[in-house]
Amino acid sequence: MKKFKRNPSEPPSLPIESNKSKGIVRDGNFFEAVYRIVRMIPKGRVSSYGAIAEFAGTRLSARMVGWAMNAAGAANPPVPAHRVVNRNGMLTGKHHFPTPSAMEDMLRAEGIEVIEDRIVRFRELFWNPSDELNKK
DNA sequence: TTGTTGACCGAGT
DNA sequence: AACTCGGCCAACA
């Protein structure tokens, strides 16, 4: 009934070592993969949780990208989490920054217009990780 | 241990 | 057009 579970022809998601009991995939591949991708987002551009999740190989795990961003504050080198928004260009994660306006301020500082928690001209500013592969 | 909740997303109703 | 639901999976109660 539900038609799109996991496409068997696609790679079986990340080599995440899901050691749930011992926990902490944060030190494993998933968080690192996400951070790596997010760090690729050029200044002045933005991407979405879903696009990042897909590129990381876990298409249906966009929510985990948000979770990764939640922990990204302590990451080193830094992760530009403010460049990640949802598929509509809305700043859904702004409340997780140190101050309520931090995310918006950082985007503005990079030349991105934000109106009512939404990125203006999101379509043009959207950056898909796979663009990097195509252009080379 | 089981259950619920997300910085999500696409399909169905 | 608004709403619900299922899927992912880590954290937390």
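Predicted, not measured: the structure shown is a model, and the values here were computed from it. Below, read A as the first sequence line, B as the second, and so on, with proteins coming before strands; counting in each chain starts at 1.
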- Does A:Ser48 make a side-chain N or O approach to OP1 or OP2 of B:dC9 shorter than 4.0 Å? yes

- Would you indicate, yes or no, if B:dC9 has its OP1 or OP2 atom less than 4.0 angstrom from a side-chain nitrogen or oxygen of A:Arg63? no

- Message: Can you tell me how far apart CG (A:Asn128) and OG (A:Ser48) are? Round to the nearest 0.5 Å.
- Response: 7.5 Å

- Message: Nearest 0.5 angstrom please: A:Asp131 CG to A:Ser47 OG, how far?
- Response: 8.5 Å

If you only use heavy atoms from C-beta on, which nucleotide in [options] is closest to the side chain of [X]?
{"X": "A:Thr92", "options": "C:dC8, B:dC9, B:dA7", "result": "B:dA7"}
{"X": "A:Ser61", "options": "B:dA7, C:dC8, B:dC9", "result": "C:dC8"}
{"X": "A:Leu60", "options": "C:dC9, C:dG7, B:dC9", "result": "C:dG7"}

Tell me the interatomic distance from [X], atom [atom1], to [N], atom [atom2], rounded to whole angstroms.
{"X": "A:Met90", "N": "B:dC9", "atom1": "CE", "atom2": "P", "result": "12 Å"}
{"X": "A:Arg59", "N": "C:dC9", "atom1": "CZ", "atom2": "C1'", "result": "16 Å"}
{"X": "A:Met64", "N": "B:dT5", "atom1": "CE", "atom2": "C1'", "result": "11 Å"}
{"X": "A:Trp67", "N": "C:dC12", "atom1": "CH2", "atom2": "P", "result": "6 Å"}
{"X": "A:Phe31", "N": "C:dA10", "atom1": "CZ", "atom2": "P", "result": "8 Å"}
{"X": "A:Leu91", "N": "B:dC8", "atom1": "CG", "atom2": "C1'", "result": "15 Å"}
{"X": "A:His95", "N": "B:dG6", "atom1": "NE2", "atom2": "C1'", "result": "14 Å"}

- Query: Distance between the P atoms of B:dC8 and C:dA1, in whole angstroms?
  - Reply: 22 Å

- Message: Can you check the distance between C:dA2 and B:dA7, where both ends of the measurement are the P atom (answer in whole Å)?
- Response: 22 Å

- Which residue pairs pass the salt bridge (Lys or Arg N to Asp or Glu O under 4.0 Å) test with at least one member in residues 69-95 of chain A, sequence neighbours excluded? A:Arg83-A:Glu110, A:Lys94-A:Asp117

- Message: So A:Asn86, base contact, sugar-phosphate only, or nothing? Heavy-atom distance under 4.0 Å.
- Response: sugar-phosphate

- Taking pairs as Watson-Crick (N1-N3 plus N6-O4 or O6-N4) or G-U wobble (N1-O2 and O6-N3), each distance under 3.5 Å, the stems of three or more consecutive pairs with DNA chain C are B:2-6 with C:9-13, B:8-13 with C:2-7

Run the salt bridge (charged side-chain N to carboxylate O under 4.0 Å, His left out) test against [X] and tell me which residues pass, sequence neighbours left out.
{"X": "A:Glu124", "value": "A:Arg121"}
{"X": "A:Glu54", "value": "none"}
{"X": "A:Arg123", "value": "none"}

- Query: Listed in order of residue number, which residues of residues 96-106 of chain A have a non-hydrogen atom at under 4.0 Å from DNA chain B?
  - Reply: A:His96, A:Phe97

- Please lay out, stage by stage, how A:His82 and A:Phe97 fare under the test side-chain contact (heavy atoms from CB on, under 4.5 Å). CA-CA 9 Å; A:His82 60 284; A:Phe97 284 79; 3.9 Å; yes

- Query: Sequence neighbours excluded, which residues qualify as ring pair (Phe, Tyr, Trp, His ring centres under 6.0 Å) partners of A:Phe122?
  - Reply: A:Phe126

- Query: Given a cutoff of under 4.5 Å between side-chain heavy atoms of I, L, V, M, F, W and Y, with clusters grown through shared members, what are the other residues clustered with A:Ile115?
  - Reply: A:Val120

- Using side chain to side chain donor-acceptor pair (under 3.5 Å) as the criterion, list what pairs up with A:Arg108, not counting sequence neighbours. A:Glu104

